[in-house]
Each structure stands twice: as C-alpha cells, then as structure tokens.
Amino acid sequence: MKFVKVLMVLALTFMLAAPAAAADIELAKQSTINKILKSGELRVGFDASYAPFEITDKNGRYIGFDIDLGKELAKAMGVKFVPVNTDFDGIIPSLLSNKFDVIISGMTLTQQRNLQIGFSDAYFLMGQGVMVSNKLQGKIARYKELNDPKYVVVSRLGTTGEEAVKKYLPKATYKSFEKEVDCGMEVISGRADAFVFDIPALENIASVQGKGKVFVLNDPFTFEPMAIGFKQGDPDFANFLNNFIFQFKNDGRYQRLYDKWFRSEAWKSQLKK
C-alpha cells in the first residue's frame, strides 16, 4: 500500500511539473534571443546626440562608447549590428513597439523606467554635474548655490538631469530643451546661468563649444547607473546581457573603450568642424 502511495505521489508530481516545464520551454522560445538569432540582426536604439556615448561623425556614421558597446554585443551573439537612431523622449515606446531589440543610449536605470522595461546590470556609472556660465566664476562653487529664482537653470527634457533640477534645485528658474546642445548654447550664449546634465557630456560641450565661456562643477551629486534596456518578461535575455556585461567589464574591452572615448580626444577629429 505504501508503494502504491509513493507511485501516486510521483505521478502527481510529474503531472504538475509537466505543464511548468512546457511553459518554461515556450518562454525560452519567445525570448528576444531567439528572435535576434533568427533575424541575424541586433537592432540597437539610441539618440545620436549624446557625445561621447553616441554621436554622428562628419561622414554620417554613428560613433561613440555606446555604439562600440552595441557592436561588441552583436559580435557576442554572432549577428549584424543595426543602429536605429531615435529621439530619446520616445525611446521607451519605440522599444515596446518593436522598433528595435535593445536600448543602449546612455540611459540611467531608474525605478520609474524599470516599471516599463527591463534593465541589465549597469555597464557605466554616471552622475549629474553642472556647467556654469563664466559670469558666475567666483560666485558659484557648489550646485546648491544655484537654488535661487534669480538663476536660470536648464536641462534636457525627459532626462535624469531634469529630474535632478526639480529635486535638488526647486527654487531655481527652470527651462527645458529637447537637445543637450541647445541647453549648452543657452549657457554659452549667456541666456541661462547653468546646465545640469551628465558630467562627461558637460565636459565635452565645455571643451568644444564653450571653451573660455563656461566652467564645469564635476563633483557628481547623484548616483546614476547606465544599463541596457529591453522588454520585460525575458529572463533568458536578461541572463545573457548580464553575463555579457560581466565579461565585457573584466576582459579589458571596457577599459579600452573608456580610454578611447573618455581619456582621449582623438575621436573629435571625426566630427564636423
């Protein structure tokens, strides 16, 4: 009798496990991994206006840290890298409507965005800084000193820079723009006092367009991990991306790309003058 009960328990266990196993197999089949491998292409979404992460060179080609990262990811999957340039404020809806497979666009992993899409582990750590007009040289030494209605502070619409202004400088007179180059020119031209944004981008704008006209407070006052965005409900793709990033950051490739895009200015010769 005991033997029969054991057989019944085993049979019941098998019956319960079989549907679960079938569901796991079906989930794996629906993974973005299989769609990419079947198409032979990795479509990467980004906004090519964020130097040195993604930008267009003088020949119309896309270059930058994120572009190289996307190419490395495509190489790891054995497929073709396909760049898809899109406006940043619509980049998440574009991913969800299947216009590309992943977002690699200097996107900060925030809890609000994570409610809409999945994220890989961080591949880059970022923080907000401030580019300040030279007319405030000697008057502004810390970002908090800009928290006054008499100061016009700008940032890019829909970014963590905009969130930082609203959170940390709520008393400042705030203006938003769709492109960071427009934000930068507001400060360079003297129409605004400061631009809150990601530090590498600020330093690039200050050295190229704003030389002698602005200075950068490059002590970050936020913690912002950048990650690869993808559709939710895909554990296999999440696992693959995380393992790829772990390998990428520890086999020398990350350091080579970091040195290329952040410790050298050689890439600027590829831009229009």
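- Counting only heavy atoms from C-beta outward, the side chains of D121 and F246 never approach each other to under 4.5 Å.
- A continuous path of hydrophobic side-chain contacts links V79 to F244 [ILVMFWY only; heavy atoms under 4.5 Å].
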*Does the side-chain contact (heavy atoms from CB on, under 4.5 Å) test come out yes or no for I91 and M107, once each step is laid out?*
CA-CA 10 Å; I91 203 166; M107 177 171 278; 3.5 Å; yes

*Would E145 and Y151 count as a side chain to side chain donor-acceptor pair (under 3.5 Å) if you check the C-alpha gap in whole Å, the side-chain angles of each, and the deciding distance to 0.1 Å?*
CA-CA 9 Å; E145 295 169 341; Y151 294 124; over 6 Å; no

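- Both I245 and I104 are members of a single hydrophobic cluster when ILVMFWY side chains are connected at heavy-atom separations under 4.5 Å.
- L109 places none of its side-chain heavy atoms less than 4.5 Å from the side chain of M226.
- Side-chain atoms of L125 and P225, non-hydrogen and from C-beta on, do get closer than 4.5 Å to each other.
- Between D66 and K71 there is no salt bridge, since no side-chain N of the basic residue sits under 4.0 Å from a carboxylate O of the acidic one.
- Between the side chains of N243 and Q247, no donor-acceptor pair is found at a separation under 3.5 Å.
- Minimum interatomic distance between N147 and P170 (heavy atoms only, all atoms of both residues): OD1-N, 3.2 Å.
- Within the model, atoms NZ of K58 and CD1 of I63 stand 10.0 Å from one another, a figure rounded to the nearest 0.5 Å.
- Between E178 and R156, none of the side-chain N atoms (NZ, or NE/NH1/NH2) sits under 4.0 Å from a carboxylate O, so this pair counts as no salt bridge.
- Atom NZ of K139 is separated from atom CG of L146 by 12.5 Å, given to the nearest 0.5 angstrom.
- Between A194 and V130, the shortest heavy-atom contact is CB-CG1, 3.6 Å.
- Crowding of K175 atom NZ: a count of heavy atoms from other residues, nucleotides or ligands under 6.0 Å not exceeding 12.
- Under the 4.5 Å side-chain criterion, counting only non-hydrogen atoms from C-beta, L241 is in contact with L73.
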*Verdict with supporting geometry, I55 and L271, side-chain contact (heavy atoms from CB on, under 4.5 Å)*: CA-CA 9 Å; I55 195 168; L271 307 180; 4.1 Å; yes

*Could you walk me through whether F240 and M77 pass the side-chain contact (heavy atoms from CB on, under 4.5 Å) test, one step at a time?*
CA-CA 10 Å; F240 180 86; M77 301 187 77; 3.5 Å; yes

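- At least one donor-acceptor pair closer than 3.5 Å links the side chain of N85 to the backbone N or O of A48.
- Residues L42 and V82 have side chains not in contact (no heavy-atom distance under 4.5 Å, counting atoms from C-beta outward).
- Using a distance-only test at 3.5 Å, with no hydrogens or angles considered, no donor-acceptor pair links the side chain of N59 to the main chain of R61.
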*Using the ring pair (Phe, Tyr, Trp, His ring centres under 6.0 Å) rule, take F46 and Y62 through it: C-alpha gap first, then chi angles, then the decisive distance, then the call.*
CA-CA 10 Å; F46 58 90; Y62 301 118; 5.0 Å; yes

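- In this structure, the side chain of D236 does not engage the main chain of S31 through any donor-acceptor pair within 3.5 Å.
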*Go through the steps for I140 and L217 under the test side-chain contact (heavy atoms from CB on, under 4.5 Å), then give the verdict.*
CA-CA 9 Å; I140 300 295; L217 302 179; 4.1 Å; yes

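- Counting only distance, with no hydrogens or angles, the side chain of Q137 and the backbone of V132 share no donor-acceptor pair below 3.5 Å.
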*Could you give me the CA-CA distance, side-chain angles and deciding distance for D57 and W267, then say whether side chain to side chain donor-acceptor pair (under 3.5 Å) is met?*
CA-CA 9 Å; D57 71 7; W267 59 271; over 6 Å; no

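- Q116 places no side-chain N or O within donor-acceptor distance of the main-chain N or O of P93, the cut-off being under 3.5 Å.
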*Walk me through it: do N242 and S120 pass the test side chain to side chain donor-acceptor pair (under 3.5 Å)?*
CA-CA 6 Å; N242 290 339; S120 69; 4.7 Å; no

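- Heavy atoms from other residues, nucleotides or ligands lying under 6.0 Å from NZ of K213 number 12 at most.
- Rounding to the nearest 0.5 angstrom, the gap separating the OG atom in S176 from the NZ atom in K166 is 7.0 Å.
- Sorted by first and then second residue, the side-chain hydrogen bond (donor to acceptor under 3.5 Å, both in side chains) pairs with a member in residues 93-109 read R43-N98, R43-D101, T108-E224; sequence neighbours excluded.
- Closest approach of R113 and T160 over heavy atoms only: NH1-CG2, 4.1 Å.
- Ion pairing of D193 with K135 is present here, as a side-chain N (NZ or NE/NH1/NH2) and a carboxylate O approach within less than 4.0 Å.
- Between the side chain of E72 and the main chain of D68, no donor-acceptor pair closer than 3.5 Å is present.
- Side-chain N or O atoms of T173 include none that pairs as donor or acceptor with a backbone N or O of V152 at under 3.5 Å.
- In this structure, F230 CZ and T32 OG1 are separated by 8.5 Å, a value rounded to the nearest 0.5 Å.
- At least one side-chain heavy atom of M131 sits under 4.5 Å from a side-chain heavy atom of I205.
- Counted within 6.0 Å of CZ on R191, heavy atoms from surrounding residues, nucleotides or ligands total more than 12; the atom is thus considered enclosed.
- Qualifying side-chain contact (heavy atoms from CB on, under 4.5 Å) partners for F262, counting only residues two or more places apart in sequence or in other chains: P52, F53, F65, F124, P200, Y258.
- Atom-to-atom distance recorded for E203:CD and F197:CZ is 13.5 Å, nearest 0.5 angstrom.
- The structure places CG of L157 at 11.5 Å from CG of D182, a figure rounded to the nearest 0.5 Å.
- Q255 is listed as a side-chain neighbour of R263, based on a closest heavy-atom distance under 4.5 Å.
- Distance alone, capped at 3.5 Å, is enough to place a donor-acceptor pair between the D251 side chain and the R253 backbone.
- Tracing side-chain contacts under 4.5 Å through hydrophobic residues (I, L, V, M, F, W, Y), one never reaches L69 starting from I117; they form parts of separate clusters.
- No donor-acceptor distance shorter than 3.5 angstrom exists from the side chain of D87 to the backbone of G90, with no hydrogens or angles considered.
- The cluster map of Ile, Leu, Val, Met, Phe, Trp and Tyr, joined by side-chain heavy atoms under 4.5 Å apart, puts Y50 and F195 in the same cluster.
- I103 is not connected to I228 by any chain of hydrophobic side-chain contacts under 4.5 Å among Ile, Leu, Val, Met, Phe, Trp and Tyr, and they are in different clusters.
- K268 has a carboxylate O that lies under 4.0 Å from a charged side-chain N of E265, or vice versa, which qualifies the two as a salt bridge.
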*Go through Y168 and F221 one step at a time and tell me if the ring pair (Phe, Tyr, Trp, His ring centres under 6.0 Å) criterion holds.*
CA-CA 9 Å; Y168 297 105; F221 61 93; 5.6 Å; yes

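- Under the 4.5 Å side-chain criterion, counting only non-hydrogen atoms from C-beta, V196 is in contact with L169.
- Here D47 pairs with K179 in a salt bridge; the nearest charged N to carboxylate O distance falls below 4.0 Å.
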